[in-house]
Amino acid sequence: MTRLTKRPLGLVLGVALSLTAVGGAALAAVSAEKVIAERQKGLKAMGGAFKTINDNLKTDAPDAKLIAAQAKIVKDGSHKIPGWFPKGSGPEAGFKTAAKPEIWTDGAKFAAAAKGLQVEAAKLETIAKGGNIDAIKAQVKATGGACGTCHTPFRVKS
């Protein structure tokens, strides 16, 4: 027998498991970085859409169709929020994120805030499709308030 075949099975398995664990940690880091990047991209899209809505409402002739299209972006994003915050994608992942640990330590409150935004964003889209600018303005305020229920307790101020 060669020297390699005389190695204890435990040693060989130990080395294999160690390499798997190191590879798994690297994979987890890549996955966390990817999740955080996807989350940030989605939240920026929602913020941009909300800004477009607010800016449009400040014009002399707000465009309800444009507002409705932007409201759809906000609504669609609001439904993705819970999936954008899987465990392990917070500050402990070692990547830049404004997410506070409270998202994971107070998951019920975070889920309720996300649900509140989903409800208000859906109302905004429906109202915007109706074209009543005064009603849109009122719902934009309500939707913005729902955004704040997440931003205030769950986001680091920048």
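If you're wondering where the values come from, they're calculated on a predicted model, not measured in any experiment.
Looking only at distances, no side-chain donor or acceptor of Trp104 sits under 3.5 Å from a matching main-chain atom of Ser89. Side-chain atoms of Arg155 never come within 3.5 Å of backbone atoms of Ala99 as a donor-acceptor pair (strictly under, hydrogens ignored). The closest donor-acceptor contact from the side chain of Glu92 to the backbone of Gly90 lies under 3.5 Å. A side-chain donor-acceptor contact under 3.5 Å links Thr149 to the backbone of Ala146. For Gln139 (side chain) and Glu120 (main-chain N/O), a donor-acceptor pair under 3.5 Å exists by modelled atom type.
Hydrophobic clustering of Ile, Leu, Val, Met, Phe, Trp and Tyr side chains at less than 4.5 Å, counting indirect connections, unites Ile136 with Phe50. Under the 4.5 Å side-chain heavy-atom criterion for ILVMFWY residues, a single connected hydrophobic cluster contains both Ile103 and Leu43.
The minimum heavy-atom distance between Ile36 and Lys96, with the atom names listed, is CG2-O, 3.6 Å. Ser78 and Ala121 make their closest contact through OG-CB, 4.1 Å (heavy atoms, listed as atom of the first residue, atom of the second, distance). Scanning both residues, Ala93 and Ala32, for their nearest heavy atoms gives CB-CB, 3.8 Å. When all heavy atoms of Pro62 and Ile67 are compared, the pair lying nearest together is CB-CD1, 4.3 Å. In terms of heavy-atom proximity, Met46 sits nearest to Ile73 at CG-O, 4.1 Å. Closest non-hydrogen pair, Thr97 versus Gln40, comes out as CA-NE2, 3.8 Å.
At a threshold of 4.5 Å between non-hydrogen side-chain atoms, the residues Leu117 and Thr143 count as touching. In this structure, the side chains of Asn132 and Ile127 stay at 4.5 Å or more apart for every pair of heavy atoms. Between Lys109 and Pro153 the shortest side-chain heavy-atom distance falls below 4.5 Å.
Paired with Val140 under the rule side-chain contact (heavy atoms from CB on, under 4.5 Å), one option of Leu124, Val74, Asn56 passes, and it is Leu124.
Counting non-hydrogen atoms of other residues, nucleotides and ligands closer than 6.0 Å to NZ of Lys100 gives a total above 12.
Distance check: Thr152 OG1 to Lys157 NZ gives 7.0 Å after rounding to the nearest 0.5 Å. Atom CG of Asp63 sits about 11.5 Å away from atom CD1 of Ile53, to the nearest 0.5 Å.
Between Phe110 and Phe154, the angle of the ring planes goes over 60°, which puts this pair in the perpendicular group of the 30/60° scheme.
The pair Glu125-Lys75 counts as a salt bridge, with a side-chain nitrogen and a carboxylate oxygen less than 4.0 angstrom apart. Taking a cutoff of 4.0 Å between a charged side-chain nitrogen and a carboxylate oxygen, Lys72 and Asp76 qualify as a salt bridge.
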